[in-house]
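Inspection log for the structure reproduced underneath, given as structure tokens.
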Amino acid sequence: MLIRPRRNRKSAGIRDLVQETSLSMNDFIFPMFLTAGKNIKTPIASMPEIFRFSLDNLLTEMAECQELGIKSIALFPHYEESKKDKIASESWNEDGLYCSALRAIKSQFPDLVLMTDVAMDPYSSDGHDGFVENGKILNDETLEILGKMAIAQAKSGADILGPSDMMDGRVGYIRKELDIQGFTDVSIMSYTAKYASAFYGPFRDALDSAPKSGDKKTYQMNPANSREALIEAQLDAQEGADFLMVKPAGAYLDIIKLLKDNSHLPISAYQVSGEYAMIKAASKNGWLDHDKCMIESLLAIKRAGANIILTYFAKQFGQMLKK
Ligand code: PBG
């Protein structure tokens with residue numbers, strides 16, 4: 001045989017030489033959950049090793065994360081039911097839980113890349129990402145709310161805004177509002193191809209943010225489709241997005257590749273709560289090797305074309321590297 005592919009696999013040294021993809025702490029954005037109160041660290045049953053922190057504990061946790069090499073976080077707020085209403089008014093309250101925390105984080109960790117979530121669901125009594133009227137999610141009415149939320153977050157020190165709501169035209173709307181108010185440097189990482197996925201279940205437990213009625217299929221994408229991801233990507237790029245995101249990641253590697261091949265913008269992917277929970281549950285049972293599956297799942301996402309990965313494993317990856 002003239003050609004023997006196994007020659008390039010014959011030793012660890014040679015395997016390292018021919019390795020095409022590798023992971024580093026620079027690749028990750030760590031999603032974190034914030035809740036009101038003091039000295040709170042509430043475990044999330046379906047997401048082992050992930051917690052809801054009150055601000056004081058969040059700051060301590062972030063110092064530890066920074067020590068482990070985490071440079072970027074995405075912050076999600078958890079609100080009591082009593083703070084929620086139809087128009088998500090708490091979402092643009094500059095003195096509320098979320099914006100106050102953004103300011104505190106930014107002043108304590110000025111170099112950290114601080115990403116926010118722009119969507120109504122944590123603040124909405126309907127549990128939807130948009131404004132609900134007679135059972136319908138209204139698009140253009142939602143944009144005004146997202147715009148106010150975006151400005152409040154930008155004022156509070158956000159580096160990157162992450163519109164995760166899937167309303168049409170939201171990237172352009174938010175970009176325009178930001179620019180009018182002088183926030184030309186605030187970036188937008190659009191949840192470009194966000195699917196109506198069952199893998200978000202544990203996240204909705206974490207935030208108590210599941211829809212009170214109906215589902216998210218009129219705004220999030222159908223898992224059966226790939227071509228409309230190209231429409232979303234084209235629109236987001238035209239509307240001024242700085243990054244395009246695919247979500248979930250593991251079951252949508254083809255979509256990551258599709259966007260990578262069709263856009264010059266950086267591509268990110270969100271390894272969502274359900275993807276994390278699956279590896280956690282199986283490894284707790286001794287059915288899968290935790291660290292190997294963590295690495296393989298992340299490598300696959302990067303190999304597919306995502307150079308930025310939002311993952312709940314970020315801290316544990318850092319701990320593994322330290323070992
Ligand atoms: C909602 C939002 C969701 C996630 C991030 N932002 C859930 C949803 O769309 O219902 C999911 C993240 C995860 O599952 O880890 N704006």
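Read the numbers this way: they start at 1 and go in the same order the structure lists the ligands and their atoms. All values derive from a computational prediction rather than experimental measurement.
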Sub-4.0 Å atoms of ligand 1 with respect to non-hydrogen atoms of Tyr270: 12 (C), 15 (O)
For Thr142 and Asp129, the nearest pair of non-hydrogen atoms, with its separation, is CG2-O, 4.0 Å
Counting C-beta onward and ignoring hydrogens, is there a side-chain heavy-atom pair between Ser297 and Ile279 closer than 4.5 Å? yes
Using ring pair (Phe, Tyr, Trp, His ring centres under 6.0 Å) as the criterion, list what pairs up with Phe131, not counting sequence neighbours. none
Decide yes or no for Tyr312 and Glu275: does some side-chain heavy atom of the first lie under 4.5 Å from some side-chain heavy atom of the second? no
Would Lys194 count as a cation-pi partner of Tyr200, with NZ or CZ less than 6.0 Å from the six-membered ring centre and within 45° of the ring normal? yes
For atom 16 (N) of ligand 1, what's the nearest protein heavy-atom neighbour? Residue, atom name and distance, please. Ser164 OG, 2.7 Å
Looking only at side chains, do His290 and Lys284 share a donor and an acceptor under 3.5 Å apart? no
Ala119 neighbourhood, listing ligand 1 atoms whose heavy-atom distance to it stays under 4.0 Å: 16 (N)
Could you list which atoms of ligand 1 come closer than 4.0 Å to a heavy atom of Lys216? 8 (C), 9 (O), 10 (O)
Is Ser273 touching ligand 1 with its side chain, its backbone, both, or neither, if touching means heavy atoms under 4.0 Å apart? both
Within 45° cone and under 6.0 Å: Lys247 NZ/CZ vs Tyr191 ring: no
Contact with ligand 1 for Asp121, non-hydrogen, under 4.0 angstrom: yes
What is the closest protein heavy atom to atom 4 (C) of ligand 1, and at what distance does it sit? Lys247 NZ, 2.5 Å
Closest protein heavy atom to atom 2 (C) of ligand 1, given as residue, atom name and distance to 0.1 Å: Lys194 NZ, 3.2 Å
Distance filter under 4.0 Å to Gln220 heavy atoms, resulting ligand 1 atoms: 8 (C), 9 (O)
Output yes when the distance from some N or O of ligand 1 to some N or O of Tyr312 is under 3.5 Å, and no in every other case. yes
